[in-house]
Trainee: 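Would you mind keeping the following structure in view while I ask a few things?
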There are 2 protein chains.
Amino acid sequence: MFSSDPNAMGMLIRKLESIAFLSEEERQAIQNLPIRVQALRARQDIVRDGDRPSQCCLVLEGWAVRYKLLSEGRRQILSFHIPGDIPDLQGLHLHTMDHSLATLTKATVAFIPHESLLDLTTRYPTLAGIFWRETLIDAAIFREWVTSMGRRSACERIAHLFCELYLRLEAVGLASEHRCEMLVTQIELSDALGLTSVHINRVLKDLRQRELITLKSRNLTIEAWNELTRTSDFDPTYLHQRRPVA
Amino acid sequence: MFSSDPNAMGMLIRKLESIAFLSEEERQAIQNLPIRVQALRARQDIVRDGDRPSQCCLVLEGWAVRYKLLSEGRRQILSFHIPGDIPDLQGLHLHTMDHSLATLTKATVAFIPHESLLDLTTRYPTLAGIFWRETLIDAAIFREWVTSMGRRSACERIAHLFCELYLRLEAVGLASEHRCEMLVTQIELSDALGLTSVHINRVLKDLRQRELITLKSRNLTIEAWNELTRTSDFDPTYLHQRRPVA
DNA sequence: AGGAACCATTCACATAGGTTTCCTCTTTTG
DNA sequence: CAAAAGAGGAAACCTATGTGAATGGTTCCT
């Protein structure tokens, strides 16, 4: 399938506009990127550790994760990705994958050749800066995760992650009123936060009892945003979103 | 002081050449960057969380750290920086600091105006790609740290960090034969690895007893490289260095 | 609709790593 | 060069989180 689908790139544009200003010409240039759209099953690898991909993957629908595998079956989830994200943008200048990328849920993705993206960055230096910025925000999120894993308690980590994901979903129009889908199992949460699923379960129970959140069949409601951000030390600056957040 | 110092930029060039190829013209362009060299005391902030800097900081001598402060005096060190590093390169496209940068030891740094760097990236798109790559490697290191903090034991984390720092120092000519300076206290190690200094001390004792390392008055010798990399699951791919490593 | 596979939940028990405290050895600095 | 500050080291004790195992509830195939 080609870029004829008028909406495929809408998600990417919405995402980029959440972190930078795009001119009409730049929006057009993005719309004209050649893409190949593909539907994927849940829990399917897209690129693997060690691969040398020649295209980037844009998430259109569903969630994806990046992860590393360690000895003895240990797994670390490095990031969650939602529609509008390009989880392997770093591939443009880092030629060997140092981790894997997979779908979490059933998903639709679009593949964009590196070649076309590099050409775009040459023709539109401002867009190059915006894509660069996107990878820098990715890094800023890793820094925040390092901070969580290093110095925050289990409870703070979970609360912090929920705040982050809510704001990211809201920025691309996939959440509002402190409600969003939370398409991750407790096992996935544990692999992302460096905990066990048993402990995730304990802490979720506590967060529910304190009436900070409601979480049922993949639907999260943050019942007390201010208290949740306070207890988890959450400050959205690191997301570097364009519009100031409540 | 201006770029008249013929050696100030040598460190940056050596660093960039450890991750990419530079043409003679590009080397010249870098040499011509205007810089202001400054000597700093140990443990001195260079840029603070929330600042909006207009220049980047290149480390010439000594070590630096990036860190975040949390409530109740908690601190998380996000990265260690050695000569040749530009710890706040992300400032080029991320205008508000989401963490602080400070010296660890007495240090010499060079400040380069964002303006000059942005101009350089416009005139030399290949150099833009190389600086972008540098920030992507920075992110790759964060991913590895997330993995360490999430799924590696205290012993594995320390061993992994030593391997990483050794290779980075070696890449810019500041280490060889599995020996290097390790200009960090046990407290700083603990704040970087999400542990306490007491536990760092316990684990170092163990690593010494197992004759994997020697660490005395800031001098580290890795006595058994292969075993150390094996026990810590260390794979240097994530450093994306140009030359293959032993 | 029925089963297989996955997920959430809970319990009893185990441990890696944290806390507090104290002492000694270096390093810095006046 | 001596005092002060900082860093390494270590013991006793504590706790947040891990382990393993069992049960019932969901979701997804066929």
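Within every chain, numbering begins at 1; the chains are lettered A, B, ... in the order of the sequence lines, protein sequences first and strands thereafter.
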Trainee: State, with a plain yes or no, whether a side-chain heavy atom of Thr231(A) is found less than 4.5 Å away from one of Glu156(A).
Mentor: no

Trainee: So which nucleotide from dG17(C), dG9(D), dT27(C) ends up closest to the side chain of Ser153(B)?
Mentor: dG17(C)

Trainee: Using atom NE2 of His199(A) as one end and atom C1' of dT15(C) as the other, report the distance to the nearest whole Å.
Mentor: 14 Å

Trainee: For Arg208(A), answer base if it contacts any base atom (sugar-phosphate contacts may also be present), sugar-phosphate if it contacts only those atoms, and nothing otherwise; contact means non-hydrogen atoms under 4.0 Å.
Mentor: sugar-phosphate

Trainee: Measuring from atom CG of Leu215(A) to atom CG of Leu189(A), what distance do you get when rounded to the nearest 0.5 angstrom?
Mentor: 8.0 Å

Trainee: Strictly under 6.0 Å, is that where the ring centroids of Tyr67(A) and His99(A) end up?
Mentor: no

Trainee: Are the side chain of Asp51(A) and the backbone N or O of Arg48(A) linked by a donor-acceptor pair below 3.5 Å?
Mentor: yes

Trainee: Any salt bridge between Glu170(B) and Arg179(B), counting N to O under 4.0 Å?
Mentor: no

Trainee: What is the nucleic acid contact for Arg41(B), judged by heavy atoms within less than 4.0 Å: base, sugar-phosphate only, or nothing?
Mentor: nothing

Trainee: Heavy atoms under 4.0 Å, any strand shown: does Leu204(A) hit a base, just sugar-phosphate, or nothing?
Mentor: nothing

Trainee: For Leu195(B) and dT19(C), give me the distance from atom CG to atom P, rounded to whole Å.
Mentor: 11 Å

Trainee: Can you tell me the distance, in whole Å, between the CD1 atom of Ile200(A) and the C1' atom of dT10(C)?
Mentor: 16 Å

Trainee: Can you see if the side chain of Arg43(B) gets near the phosphate of dT28(C) - specifically, an N or O under 4.0 Å from OP1 or OP2?
Mentor: no

Trainee: Take Val198(B) and Val203(B), find for each the nucleotide of DNA chain C with the closest heavy atom, and name the residue whose nucleotide sits nearer the 5' end.
Mentor: Val203(B)

Trainee: Under 4.0 Å between a Lys/Arg side-chain N and an Asp/Glu carboxylate O for Lys68(A) and Glu144(B)?
Mentor: yes

Trainee: So if I take every side-chain heavy atom of Ile187(A) and compare against dG8(D), dT27(D), dC7(C), which nucleotide ends up nearest?
Mentor: dC7(C)

Trainee: Please state whether the phosphate of dA8(C), meaning OP1 or OP2, lies under 4.0 angstrom from any side-chain nitrogen or oxygen of Asn201(A).
Mentor: no

Trainee: Taking OP1 and OP2 of dA8(C), is either one under 4.0 Å from a side-chain nitrogen or oxygen of Arg218(A)?
Mentor: yes

Trainee: Find the distance Asn219(A):CG to dC7(C):C1' and express it as a whole number of Å.
Mentor: 16 Å

Trainee: Rounding to a whole Å, what distance do you find between Lys106(B):NZ and dT27(C):P?
Mentor: 16 Å

Trainee: On a plain distance test, is the side chain of Arg202(A) in donor-acceptor contact with the base of dG18(D) below 3.5 Å?
Mentor: yes

Trainee: According to a strict under-4.0 Å criterion, is Lys205(B) in side-chain N/O contact with OP1 or OP2 of dG9(D)?
Mentor: no

Trainee: When the distance from CZ of Arg75(A) to P of dG18(D) is rounded to whole Å, what number comes out?
Mentor: 15 Å

Trainee: When the distance from CG of Asp206(B) to C1' of dA16(C) is rounded to whole Å, what number comes out?
Mentor: 13 Å

Trainee: Could you state the CE-P distance from Met182(A) to dC7(C), rounded to the nearest angstrom?
Mentor: 17 Å

Trainee: With a 4.0 Å cut-off on heavy atoms, is Thr196(A) in touch with a base, just the backbone sugar-phosphate, or nothing at all?
Mentor: base

Trainee: Using a cut-off of less than 4.0 Å, is there contact between a side-chain N or O of Arg152(A) and OP1 or OP2 of dA16(D)?
Mentor: no

